[in-house]
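What follows is one structure encoded as structure tokens, with my remarks underneath.
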Amino acid sequence: MIYETGAGVVKDKLNVHLVAHTHDDVGWLKTGACVQNVLDSMVPALLRDKNRKFIYVEQAFFQRWWRDQSEATQTIVKGFVSSGQLELINGGWCMHDEAAPHYIDMIDQTTYGHKFIKQQFNVTPRIGWQIDPFGHSAVQAYLLGAEVGFDSLFFGRIDYQDRAKRKADKHLEVIWRASKSLGSSSQIFAGAFPENYEPPSGFYFEVNDDSNIVQDDVNLFDYNVQERVNDFVAAAVSQANITRSNHVMWTMGTDFKYQYAESWFRNMDKLIHYVNKDGRVNALYSTPSIYTDAKYAETDSWPLKEEDYFPYASDINAYWTGYFTSRPGLKGYVRMLSGYYLAARQLEVLKGRNKAGPTTDSLADALGIAQHHDGVSGTSQQHVANDYAKRLAIGHKEAEAVVAESLAGMVSSKSVHGSSATHFQQCPLLNISYCPPTEADLSSGKKLVVVVYNSLGWKRSDVIRLPVVSENIAVYDSSGKQVESQLLPVVKDSIALRNYYATAYTGKSPSSTPKFTLAFTASVPPLGFSTYTIQSTKKPASNFVKQALYKHTGIGKGDVEVGTGNLKLIYSKSEGKLSQYVNSQRSIEASVSQSYLYYAGFDGTTGLQNITVLRGPIYEEVHQKINPWIYQITRVYKNKEHAEVEFTVGPIPIKDRVGKEIVTQITTNIKSNKKFYTDSNGRDFLERIRDYRTDWNLEVNQRVAGNYYPINLGMYLKDDKSELSLLVDRSIGGSSIVDGQLELMLHRRLLYDDGKGVAEALNETVCVGDDCRGLAVQGKYYLRIDPVGEGAKWRRSYGQEIYSPLLLAFTEQDGNEGTNFQVSTFTGMDPSYSLPDNVALLTLQELEDGRVLLRLAHLYEVGEDKDLSVLTSVELKKLFAKRKITKLSEMSLSANQGRVEMEKKRLVWKAEGSKDDETAPPRGGPVDPLKLVVELAPMEIRTFIVTVSKTLSRRLVSPDLSLHSL
């Protein structure tokens, strides 16, 4: 029988848009479950009837399948795409999470997928499809929605209380205006599904599904056409009752479905045919684009939604907020590699991309996959998490070769003609004080050269800390002048951890043990490097301070003061605990305390604590062994006005058969009145109010879990006098459960599955041989108190330094004076120029065709800082100092279409209550091709493809010619 499947939209009738889709997690329970079958069976199913339609999302899977197809199949699939039968939507490498990724990673992985789609099919996705992440962020809506040119964004998971109210009010579909700074210029039509991203009950048609197929053979006993049509109409009318306009979308598919696509399409063919014959409603094959256009055509304005959709609870006692911290080791690894990938791409541009390899592409692929909503979120099974980490490690290794090669070419060693001879090593395990090049014995006259690269667009000074074996060493800058350094002893607690984890990572135990941490301050130009040498001396250098080591055992009165600069931390001698934070420069004197607890009701910090204070001229540190599995070092630097807290948590004990979630709490007297502020993917800050939601009257069932939010950059609270800020080094969960207090969850280890699909407890372990232990996690957070209104400068500028730490590379040379580098200090920009304080260089990347992808971001929101929340500008001629820009094209955020072209075709939606003459906040104007000055308004990110003339030479000809500049 031939079925009539060609129905389009019918005016004045309820239209049911059947959207055939599969949801293919890029890692969750498996690392690639049968996706090949889905795509293989899609091709003949679509060939069978030109009216059938299908959508596909995850490009990490799609491109892998695509590579294996014959030219004939590829031609057929290109036909599907150009005719609209197959629509590639969302289009990122994965469907990224929205709580744990940093906005730069979200942009990068979306760009990576969009580039593939543009290259192969010459199309630009126009719909956001974030159907499975566990809550939805403001940054997703305005940045990864409107700014990539999407016309709409659809998702499945919102809080059960929010969903109930939205259904009752017909507010599931809204205009989401998520950016306070960009306002209506970056709003998007956003739809939450009525239940989830699956079909209505009874309409599942995978081969073994329970739903009744449409049986239209009258000779068979199970003939059921009218019954199935009635079911269809009832489900459609039910959904129409909670949806505005005459259009409803049915998501016909779910996880890894369409292994045999024909079983779905055959039943949908019959439903469309018989439902339309019945005539009560109109059924049609559709896509989210067709649905969006129908919604746009029918309704003038939609309810307004601001802020975000966090936290997410699926029912009364099921808040999905623990995952904000789950797998903190993986979260830290992803964040570290994200900053490294940014720096490695810059060096690729500065030196010139090596077409033969190595390249940064495998790290791009691995980071793209890791942003998946079961990846960096920490919600996959353990073997899948291992696969993410393995891919990241492989990508990291190749990117390290790019960095080493680039730096070698840029310092251009004198000793060898032709190719550069300098062999640079790097130390990815420096966080656990493991760095073989710095642990070498230099007494034989060798010297260690340290190249320090700064990927930020402004000059910076930072303290470098390296493990060393001898106290008889000194540090010199590139002019041969000795620089101030200090040595602190390495404590035995950290040595045991170092040896265990270095063995776990490298497969062999360390051959040396460092005795000291050497510290010195490196000063590095923007987008450039400085060089330092470490050499052996006859005796400890004059600035070697014999440490004042003393323990406080709870006996005696008085206080211990730590810090030699503006910032002083005061510890009570009797308890060994932090009691005061003093910054005389800023007239801050605040009462502060810190404690560790875990959820399961135990206070891990009861009783007195020993503290050990290590002193020196560059920084001082306080060591606290909180209990056998929590160790903390607090550092106060002479030239910085914040405290750095390094924690080591784990292995979390489970002999009592109790899983534990470890938190630290910072308590002050600030009268925060239930309010605190958390970032959205490291970008905008959103106000949070304890036990409150803007969009509905919250019924409070979970006082803690229901007030937890994802933190990627930091959080703060304030009153009318001062503000307390915490910044973090990875994605983490945080809250303010009590006024004046901020809480961070640092680690969690659980013994039971939560019944939400993973089917495995979150119980991470590490093994060296037969020695298996629960995972220990080491990380940092940073604490500062400012007069009210003055904290944003630190949060934004130091937040950049945390994301982009100085990159270190090491090489040994013979012990003559100075280095044998032709170039020992370098900046890629005009030496007199640096980026404004409110601008970040997000992307500098050489594309395959030699053009350069450039992204610039304004770091501040409207009203965030009295000096820096203003229109600012970047002089591209000074950024690209030694290359002539011959062409500049402004692009969409994901660089797959021109910005002007994108804005012309993007649908302009209207929110209820908006006036026709309502103006969006101003943005930077067009770039004059002669002046080449880029303006940026608060929170604006601008993306360009830059064509530049080649440098005069790939190799430096003499020490005073910096031809490698951009």
Exercise. Taking atom types as modelled and ignoring hydrogens, do the side chains of Ser186 and Glu147 form a donor-acceptor contact shorter than 3.5 angstrom?
Worked result: no
For this session: Examine distances only and state if a side-chain atom of Ser680 and a backbone atom of Val139 form a donor-acceptor pair shorter than 3.5 Å.
Result: yes
Exercise. Any side-chain donor-acceptor pair under 3.5 Å between Lys270 and Tyr274?
Worked result: no
Exercise. Sub-3.5 Å donor-acceptor pair from the side chain of Ser338 to the main-chain atoms of Val334, do we have one?
Worked result: no
Problem set entry | Arg166 with Asp162: basic N within carboxylate O range, under 4.0 Å | yes
Exercise. Hey, is Glu348 close enough to Arg353 for a salt bridge, meaning N to O under 4.0 Å?
Worked result: yes
For this session: List for me each residue that meets side chain to side chain donor-acceptor pair (under 3.5 Å) alongside Lys905, sequence neighbours excluded, and say none if there are none.
Result: Thr124, Gln897
Problem set entry | Residue that, paired with Trp93, satisfies side chain to side chain contact (heavy atoms under 4.5 Å, CB included) out of His372, Gln63, Lys115 | Gln63
For this session: State the OG1-CG distance between Thr287 and Leu88, to the nearest 0.5 angstrom.
Result: 11.5 Å
Problem set entry | Criterion salt bridge (charged side-chain N to carboxylate O under 4.0 Å, His left out) on Asp849 and Arg851, from CA distance to verdict | CA-CA 6 Å; Asp849 58 10; Arg851 294 182 301 166; 2.8 Å; yes
Problem set entry | Distance, nearest 0.5 Å, that separates CG of Asp159 from CG of Asp315 | 10.0 Å
For this session: Measure centre to centre between the rings of His247 and His17, then say whether the value is under 6.0 Å.
Result: yes
Exercise. Do we see a donor-acceptor contact under 3.5 Å between the side chains of Thr292 and Ser289?
Worked result: no
For this session: Could you list the residues that satisfy side chain to side chain donor-acceptor pair (under 3.5 Å) with Thr75, not counting sequence neighbours?
Result: none
Problem set entry | Pair Tyr56-Thr22, side-chain donor/acceptor within less than 3.5 Å | no
Exercise. Regarding Lys390 and Asn386, is there a side-chain donor-to-acceptor distance under 3.5 Å anywhere?
Worked result: no
Exercise. Who pairs with Tyr142 by side chain to side chain donor-acceptor pair (under 3.5 Å), at least two apart in sequence or on another chain?
Worked result: Asp684
Exercise. Is the charged tip of Arg228 near the ring of Phe203: under 6.0 Å from the six-membered ring centre and within 45° of its axis?
Worked result: yes
For this session: In sequence, state the C-alpha distance, the side-chain angles, and the governing distance for Asp108 and Arg345, and then conclude on salt bridge (charged side-chain N to carboxylate O under 4.0 Å, His left out).
Result: CA-CA 12 Å; Asp108 282 341; Arg345 284 179 290 170; 3.0 Å; yes
Exercise. Any donor and acceptor pair, going by atom type alone, linking the side chain of Ser211 with main-chain N or O of Phe205 inside 3.5 Å?
Worked result: no
For this session: In sequence, state the C-alpha distance, the side-chain angles, and the governing distance for Met42 and Leu86, and then conclude on side-chain contact (heavy atoms from CB on, under 4.5 Å).
Result: CA-CA 9 Å; Met42 170 219 33; Leu86 172 63; 3.8 Å; yes
For this session: Consider only side-chain N and O atoms of Asn51 and Thr5, and report whether a donor and an acceptor are under 3.5 Å apart.
Result: yes
Exercise. Sequence neighbours excluded, which residues qualify as ring pair (Phe, Tyr, Trp, His ring centres under 6.0 Å) partners of Tyr197?
Worked result: His23
Seminar exercise, completed: In this structure, CD1 of Ile55 is separated from CE of Met252 (nearest 0.5 Å) by 12.5 Å
For this session: Go through the side-chain N and O atoms of His96 and Gln140 and say whether any donor and acceptor fall under 3.5 Å apart.
Result: yes
For this session: Report the C-alpha distance between Leu342 and Thr843 in whole Å, list the side-chain angles of each, state the deciding distance to 0.1 Å, and finish with yes or no for side-chain contact (heavy atoms from CB on, under 4.5 Å).
Result: CA-CA 7 Å; Leu342 182 144; Thr843 312; over 6 Å; no
Exercise. What ring pair (Phe, Tyr, Trp, His ring centres under 6.0 Å) pairs are there with at least one residue in residues 68-89, not counting sequence neighbours?
Worked result: none
Problem set entry | Distance-only donor-acceptor check, side chains Ser263 and Glu206, under 3.5 Å | no
Exercise. Could you state the interatomic distance from CG (Asn196) to OG (Ser314), rounded to the nearest 0.5 Å?
Worked result: 11.5 Å
Exercise. Are side-chain N/O atoms of Asn90 and Gln130 paired as donor and acceptor at under 3.5 Å?
Worked result: yes
For this session: Carefully, step by step, assess Glu262 and Arg52 under the rule salt bridge (charged side-chain N to carboxylate O under 4.0 Å, His left out).
Result: CA-CA 11 Å; Glu262 187 58 29; Arg52 291 175 172 180; 2.9 Å; yes
For this session: Evaluate whether atom CD of Glu4 has more than 12 neighbouring non-hydrogen atoms of other residues, nucleotides or ligands under 6.0 angstrom away.
Result: no
Exercise. Under 3.5 Å, is there a donor-acceptor pair linking the side chains of Gln109 and Asp105?
Worked result: no
Problem set entry | Where at least one partner belongs to residues 320-337, residue pairs that pass salt bridge (Lys or Arg N to Asp or Glu O under 4.0 Å), sequence neighbours excluded | Arg327-Glu764
Problem set entry | Centroid-centroid distance, Phe134 to Tyr323, less than 6.0 Å | yes
For this session: Decide, yes or no, whether a salt bridge links Arg48 with Asp269 under the criterion of side-chain N to carboxylate O below 4.0 Å.
Result: no
Exercise. Does atom CG of Asn208 have more than 12 heavy-atom neighbours from other groups under 6.0 Å away?
Worked result: no
Exercise. Taking NZ, NE, NH1 and NH2 as the nitrogens, is one of them in Arg391 or Asp387 under 4.0 Å from a carboxylate oxygen of the other?
Worked result: yes
For this session: Pick out which of Phe310, Trp176, Trp320, Phe155 makes a ring pair (Phe, Tyr, Trp, His ring centres under 6.0 Å) with His136.
Result: Phe155
Exercise. What residue pairs, at least two apart or across chains, pass salt bridge (Lys or Arg N to Asp or Glu O under 4.0 Å) with a residue in residues 119-142?
Worked result: Arg126-Asp151, Arg126-Asp293, Asp132-Arg157
For this session: Look up atom CG in Asn712 and atom OH in Tyr803, then write down how far apart they are to the nearest 0.5 Å.
Result: 11.0 Å
Problem set entry | Aromatic ring proximity, centroids under 6.0 angstrom, Trp250 and Phe232 | yes
Ignoring hydrogens and angles, write down the donor-acceptor pairs under 3.5 Å from the side chains of residues 392-400, residues two or more places apart or on other chains.
unit_1 : atom_1 : unit_2 : atom_2 : d
Glu398 : OE1    : Ser362 : OG     : 3.0
Glu398 : OE2    : Thr359 : N      : 3.0

Problem set entry | Qualifying residues under ring pair (Phe, Tyr, Trp, His ring centres under 6.0 Å), relative to Tyr709, sequence neighbours excluded | Phe676
For this session: Just jot down the ring pair (Phe, Tyr, Trp, His ring centres under 6.0 Å) partners of Tyr3, sequence neighbours excluded, or say none.
Result: His273
Problem set entry | All side chain to side chain donor-acceptor pair (under 3.5 Å) counterparts of His21, not counting sequence neighbours | none
Problem set entry | Aromatic plane relationship, Trp264 with Tyr258 - under 30° parallel, 30 to 60° tilted, over 60° perpendicular | parallel
Seminar exercise, completed: So CD of Gln382 and OG1 of Thr765: to nearest 0.5 Å the spacing works out to 6.5 Å
Problem set entry | Phe116 and Trp66, any side-chain heavy atoms less than 4.5 Å apart | yes
Exercise. With sequence neighbours left out, what residues match Ser83 under side-chain contact (heavy atoms from CB on, under 4.5 Å)?
Worked result: Gln85
Exercise. With a cut-off of 6.0 Å (strictly less than), are more than 12 heavy atoms of other residues, nucleotides or ligands near OH of Tyr505?
Worked result: no
